[in-house]
Every structure is written in C-alpha cells, then in structure tokens.
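Working notes, beginning with the structure itself.
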Amino acid sequence: MQNNSFFKLLFLVSIVVVFASCDKDFNEIGSDVIGNDHFGLIQDESKTVIAYNEATGSVETSNLAINALGYYNNPFFGKTRASVITQVALDTLNPTIGANPTVTKVELSMPYFSHLVSSDATTGDNTYELDSVHGYVTTDSKKVFNKIKLSVYESNYYLRDYDASLGFLSAQTYYSGATSDFDIVKNPNRLNDDADASQNDAFLYSADEIKTYKTVDGSQVVDTRSVPGMRLKLRNQFFQDKLFGAGASGKFINNNVFKEYFRGLYLKVDNSATSSELGSLALLNIRLGKIIVTYNINITSLTGIVTTKEMKFGISLGGGSVNLLENDYKPEYTSGVTSNANATTGAYNLYPKGGDGSMTIIKLFGDQDVRGYSLSDGPNGVSDELDELRNPIDGQKLLVNEANLTFYVDKTKMTGASEPNRIYLYDLNNHRPIIDYYMDNSVASNAKFNKYSHGGIIEKETESSIVDKRGIKYKIRLTNHLRNLISKDSTNVRLGLVVTESIANSLNSKLKTPTFGSVNRIPTASVMNPLGTVLFGNNIPSVDPNYAKRLKLEIYYTKPN
C-alpha cells in the first residue's frame with residue numbers, strides 16, 4: 001500500500017510539472033511556438049526593412065584559422081590576389097644535427113581541403129575532390145583548376161605578438177592591405193626556383209592522390225598514399241646556409257630564438273602568364289604546412305670507416321600569419337556599393353563580399369517615430385511599426401510563430417561567379433550573433449551547415465537538366481529575435497549581413513578604418529571567405545520585374561481568443 005501511494009503521488013507530481021512546463025512554454029504572450037506550418041496563421045509582409053551597403057576597406061588578417069592563397073578573377077567583383085606571410089617553428093627543439101650535414105632535398109608540403117569520392121579495390125588508388133578552391137574549367141566531368149604564379153620567399157619581417165605602441169598590452173594587429181610593407185623586406189631570391197614551371201610560374205591546384213614509391217624485387221610499388229596537397233621543392237643551398245651555416249649556431253635552443261633568426265616564409269601569388277585572366281584561389285589551413293629538410297651526415301666507425309646516414313629536419317608553418325589581399329575590383333561592383341549605400345531609402349542591390357570587401361546593414365521597422373504608445377503621445381525612441389506590434393490597436397497581443405528574412409540572388413549579375421554557401425546575420429551594434437543563432441543546435445554532416453534551422457544556407461536550382469545549378473535565395477530565421485523585440489522590449493539593433501566561411505566562428509576582426517558610424521569590427525568568418533554575392537534589396541519599384549524578389553520581413557503570427 002505504501003508503494004502504491006508513493007507511485008500515485010509521483011504520478012500526480014509529474015502531471016503538475018508537465019502542465020506547469022507547458023503553461024510556461026505556450027502562454028508567454030509574444031513568444032509562443034504555435035507549430036511549424038502556417039495553417040490558420042496571419043502572414044504579414046508589410047513591415048519596413050531598410051538594407052544598404054558599406055565597404056569595409058582593409059581588414060585585420062592576423063592569425064586567421066583559414067587563409068586564402070591564390071589569384072581569382074570573379075566575373076562580377078573582379079580580381080583578387082591572396083598571399084600569405086607565415087612564421088615557422090622547429091618540430092624538435094635543440095636537435096642533434098650530426099657531422100658535416102649536407103642538404104639533399106627540401107620539400108614544403110601542405111594538405112588541401114578535400115573529400116574522398118571513391119576507391120579502386122584493385123589498385124588501391126583513391127579519387128578525391130577538392131573543397132574550397134575557386135577558379136576551374138570542367139573537362140570530361142573533372143574540375144581542372146586554372147594555373148597561378150606562386151613564389152616562396154624568405155620573409156625578413158618580424159611578426160610581433162604584442163603591439164609595442166600600446167605598451168605590449170594588446171595583440172599586434174596586421175591588415176590585409178599591408179603588401180608593400182612585406183615586399184620591401186623580403187629576400188628577393190625565390191626559394192621554389194625549380195626548372196619545372198609547375199613548381200612556380202605555372203602552379204596548379206590538383207585533386208590527385210599523392211603517392212611515393214619504393215623498389216621491391218626490382219619493381220616500383222606504392223610506398224605511401226596521401227590526400228591531395230601542395231608539394232613544392234625548395235632551394236637546397238638556402239637551407240644549407242640557413243640551418244647549418246655559421247650563423248645558425250645557438251639558434252635552435254627554443255622557438256622564440258629560432259623565429260627571430262628565421263622570420264618565416266612569404267607565399268606570394270600573381271596571375272600566371274599561361275592564364276593571365278583566370279587563375280584559382282584556395283582556402284588553406286597554413287598551420288598544417290611543413291618543411292622537411294633531408295640531409296646526409298658522416299658517421300665514422302671505431303675502425304675509422306666513414307659512412308653516410310640520411311637525416312630529417314622538420315620545420316612547421318606554425319605561429320603567426322598574415323593574409324595579404326590585393327584587389328582590382330570592377331567598377332560595376334565598387335560603384336554599386338557606393339550608389340546603394342542610402343541608409344534612409346535602402347538599396348536595390350546588396351553586395352555582401354568577403355575579405356576586404358563590403359557588407360550589408362539592415363534596419364527593421366524603419367525610422368519613423370512620430371507617435372508613442374506606452375510612454376507618451378509623441379516620439380518615444382521606438383519606430384511606430386514596432387510600437388504597433390507591441391501595442392496593437394485592438395489590444396490583442398501577437399503570438400509570433402515564425403519570422404524570416406529572405407534574400408533573393410540577382411542571378412544576372414552572378415552569372416558564372418562562384419557563390420558563397422552561406423550568409424550570416426548578426427547584431428551589428430554589439431558585434432555578436434542574434435539569439436536565434438545561440439538557440440539553434442541543429443547539426444549537419446558537414447559542419448559548415450550546422451545551425452541549419454537558423455539558416456542562411458544557399459538554396460539552388462533543383463531541375464535535373466541543369467548541370468551547373470545556380471543559387472536562388474538565402475533564408476534566415478530570426479523568430480526569437482523578433483519575439484524579444486515585441487514581448488520583451490529588446491533594443492531594435494542594427495543587423496549586419498556578411499558571407500561566412502564558418503558558422504561556428506562568431507569572433508570579430510578589426511577594420512583598419514572604422515566605418516558605419518563608430519563600427520570598427522567585422523565577423524572574422526567573413527574575412528576568411530573571398531567570395532561575394534549580389535542580392536536584391538528592399539528598394540525596388542513596384543513596376544520593376546524583380547519587385548517580387550525584394551527583401552521582405554515575413555512574420556507569421558496569430559492572436560489569442
């Protein structure tokens with residue numbers, strides 16, 4: 001009996017908890033989840049949205065997780081040359097070198113982002129496809145990337161960790177437009193000076209599996225297999241002098257000393273003479289790069305016999321880095337940003353462009369504030385449209401089910417251009433994501449598409465007959481952001497819209513010259529993405545054929561009985 005009473009009591013407590021939870025979840029006016037469909041809901045697309053453009057100028061590119069390397073001619077935006085300065089670090093501190101070291105081979109290796117397509121069960125060969133490389137032609141259903149000119153130099157510019165002008169209390173900042181600062185101090189002798197043009201003047205990103213061979217019973221067989229990546233031969237004599245010359249004594253004690261002595265590499269890119277108007281650009285994790293120096297030493301036995309032994313010296317591309325961006329933008333883009341920068345009327349076109357490009361600023365509900373509701377009969381610092389949502393004339397509070405911003409792609413302007421997979425909406429006033437970002441824990445097989453409920457992912461054409469499917473639109477849900485504006489009197493902040501390389505990265509990078517009023521930062525994930533897109537804005541005349549594609553705030557809501 002006691003057990004039965006206990007279980008009855010437990011059941012009653014559970015029921016109370018469930019109903020209390022339901023009451024909390026579904027009865028908070030202005031923030032209710034009614035369901036995922038829109039049946040029986042009121043659709044409102046009448047609220048004002050003002051969206052316009054601002055150029056970012058030079059941006060902070062210190063120590064990015066992902067760096068752009070290459071030359072890309074975007075059909076709409078124009079040309080970008082992306083080069084990288086990177087520090088180096090010893091794999092082994094204070095290594096034992098050996099007697100009479102003689103360098104026989106130096107190779108710089110760096111993996112590309114790729115995914116496995118298939119494997120041959122007979123040969124063991126693997127077929128890969130490269131990710132995040134732009135600029136190619138398709139031949140026999142295979143992507144062939146355009147050639148670039150790639151030069152590797154010794155960098156004599158010391159990358160500081162802290163800013164001396166600020167008393168070494170803040171991290172040193174380097175910007176995308178500082179190419180000349182690094183050019184004037186580099187060692188002018190190219191390190192990848194092999195006679196094979198594919199090593200320098202006609203460098204080609206390749207999806208081929210990398211194989212090494214060994215001899216077994218007189219035949220060459222595969223020894224190792226590696227994912228696609230860069231393999232550059234560097235000049236032996238430079239590393240002979242740098243690592244084993246008289247000046248190297250005492251330089252391997254620790255990496256601070258070594259970085260002062262060998263200040264790093266400068267991977268400088270230009271267009272190739274073989275494809276001067278094309279080129280390709282890849283996104284790379286420079287920190288995965290490695291220099292392997294192979295050298296021989298002499299070993300003398302107890303009987304006086306001298307033999308040769310092969311040794312390895314490992315140097316990683318670790319530590320600080322700077323991504324240098326040189327742009328030759330097309331007039332249509334630069335003039336488009338300028339002419340679509342009206343903060344009062346908004347823009348016909350929006351131009352979110354990564355790197356040191358441009359972004360979009362969005363204001364919800366407009367600027368009109370001529371009458372108040374809860375505070376006064378006159379202006380109260382809140383736009384009239386938002387006041388009407390907070391205090392409907394009929395007195396019935398809104399139950400918001402869903403709210404979206406849908407951005408349609410201007411397919412004409414984007415013809416032939418690589419399109420960013422995702423755009424990112426954030427709180428521009430406070431430089432942080434909106435609440436819908438934080439509340440979305442949806443996970444995809446590809447981490448770049450996590451938080452897919454919040455959205456911003458490109459939606460492409462689906463017709464099977466279309467080979468190169470183009471983007472149609474991007475949709476971003478800001479349901480909870482709107483609920484907070486209506487029911488919790490949250491501040492109606494300006495929103496920023498940029499392209500993004502990683503939805504997980506919500507950090508910010510500095511602008512060299514503050515813009516947008518007092519704003520001096522932009523999302524780092526946008527700096528890492530070299531692509532851009534052209535979207536339709538809000539300021540499209542009703543007689544224009546693209547009027548239906550204008551930017552709108554879509555709100556679905558109901559009112560309680």
Please lay out, stage by stage, how M528 and N505 fare under the test side-chain contact (heavy atoms from CB on, under 4.5 Å).
CA-CA 10 Å; M528 294 190 296; N505 187 337; 3.7 Å; yes
Indicate the atoms forming the closest heavy-atom contact of [X] with [Y], along with that distance.
| X | Y | value |
| --- | --- | --- |
| H481 | I435 | N-CG2, 3.4 Å |
| S280 | G135 | CB-O, 3.3 Å |
| L535 | N349 | O-ND2, 3.0 Å |
| V443 | Y452 | O-CE2, 3.5 Å |
| G471 | I458 | CA-CD1, 3.6 Å |
| K290 | S316 | NZ-OG, 2.9 Å |

List the steps and the verdict of side-chain contact (heavy atoms from CB on, under 4.5 Å) for M230 and L150.
CA-CA 11 Å; M230 180 184 295; L150 175 60; 4.0 Å; yes
Using a strict threshold of under 4.0 Å (side-chain N to carboxylate O), is an ion pair present between K47 and D44?
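Result for this pair is yes, salt bridge flagged.
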Taking 4.0 angstrom as the limit, do D436 and R477 come out as a salt bridge?
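Salt bridge: no.
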Could you check L511 against R521 for side-chain contact (heavy atoms from CB on, under 4.5 Å), going step by step and ending with a plain yes or no?
CA-CA 5 Å; L511 301 179; R521 284 172 283 173; 5.8 Å; no
Name the one of E419, E461, E463 that satisfies salt bridge (Lys or Arg N to Asp or Glu O under 4.0 Å) with R470?
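The single option meeting the salt bridge (Lys or Arg N to Asp or Glu O under 4.0 Å) with R470 is E419.
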Return the [atom1] to [atom2] distance between [X] and [Y], rounded to the nearest 0.5 Å.
| X | Y | atom1 | atom2 | answer |
| --- | --- | --- | --- | --- |
| T173 | Y175 | OG1 | OH | 4.5 Å |
| L69 | I148 | CG | CD1 | 5.5 Å |
| L497 | T500 | CG | OG1 | 10.5 Å |
| S502 | R422 | OG | CZ | 9.5 Å |
| K268 | L324 | NZ | CG | 7.5 Å |
| I457 | K473 | CD1 | NZ | 13.5 Å |

Cation-pi geometry met for K451 and Y437 (6.0 Å, 45°):
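Judged by the rule, K451 and Y437 form a cation-pi pair.
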Between [X] and [Y], is any pair of side-chain heavy atoms under 4.5 Å apart?
| X | Y | answer |
| --- | --- | --- |
| L130 | P228 | yes |
| Y556 | I42 | no |
| V337 | K353 | no |
| N53 | S358 | no |
| D163 | F168 | no |
| V59 | K510 | no |
| Y52 | N342 | no |
| L507 | P523 | no |

Quiz question: by atom type and distance under 3.5 Å, do the side chains of [X] and [Y] form a donor-acceptor pair?
| X | Y | value |
| --- | --- | --- |
| R494 | N429 | yes |
| S58 | D356 | no |
| D181 | Y174 | no |
| T406 | N404 | no |

Would you find a donor on one side and an acceptor on the other, under 3.5 Å apart, between the side chain of [X] and the backbone of [Y]?
| X | Y | answer |
| --- | --- | --- |
| N401 | T558 | no |
| T415 | K411 | yes |
| D427 | N430 | yes |
| N538 | T345 | yes |
| N323 | A68 | yes |
| K363 | A343 | yes |
| N508 | H431 | yes |
| N146 | G279 | yes |
| Q87 | L159 | yes |
| E45 | E554 | no |

With a sphere of 6.0 Å drawn around OH of Y162, does it hold more than 12 non-hydrogen atoms of other residues, nucleotides or ligands?
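Open.
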Go through the steps to decide whether S418 and Y72 satisfy the test side-chain hydrogen bond (donor to acceptor under 3.5 Å, both in side chains), and finish with yes or no.
CA-CA 10 Å; S418 292; Y72 180 55; 3.3 Å; yes
Identified side-chain contact (heavy atoms from CB on, under 4.5 Å) counterpart of L386 within the set D369, N391, L364, L485:
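Going through the options one by one, the only one that passes is L485.
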Out of T48, I50, T344, D384, which one pairs with D367 under the side-chain contact (heavy atoms from CB on, under 4.5 Å) rule?
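Output: one option passes, namely I50.
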Check for me whether the distance between the ring centres of [X] and [Y] falls short of 6.0 Å.
| X | Y | result |
| --- | --- | --- |
| Y157 | F182 | yes |
| Y205 | Y112 | yes |
| F145 | Y136 | yes |

Classify the ring geometry of Y426 against Y424: parallel below 30°, tilted from 30° to 60°, perpendicular beyond 60°.
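Taking Y424 first and then Y426, their aromatic rings lie parallel (interplane angle under 30°).
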Test log, rule ring pair (Phe, Tyr, Trp, His ring centres under 6.0 Å), inputs F407 and Y474
CA-CA 5 Å; F407 302 85; Y474 301 84; 7.9 Å; no
Inter- and intrachain pairs under salt bridge (Lys or Arg N to Asp or Glu O under 4.0 Å), touching residues 328-348, at least two apart:
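Those involving residues 328-348 do not exist here.
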Under the salt bridge (Lys or Arg N to Asp or Glu O under 4.0 Å) rule, what do K512 and E60 come out as? Steps first, then yes or no, please.
CA-CA 7 Å; K512 186 172 184 180; E60 178 189 1; over 6 Å; no
Checking L425 against I434 for the side-chain contact (heavy atoms from CB on, under 4.5 Å) test, could you report, in this order, the C-alpha distance in whole Å, the side-chain angles of both residues, the deciding distance, and whether it holds?
CA-CA 7 Å; L425 188 74; I434 62 174; 4.1 Å; yes
Evaluate Y348 against N546 for side-chain hydrogen bond (donor to acceptor under 3.5 Å, both in side chains), listing each step before the verdict.
CA-CA 10 Å; Y348 184 97; N546 293 311; 3.2 Å; yes
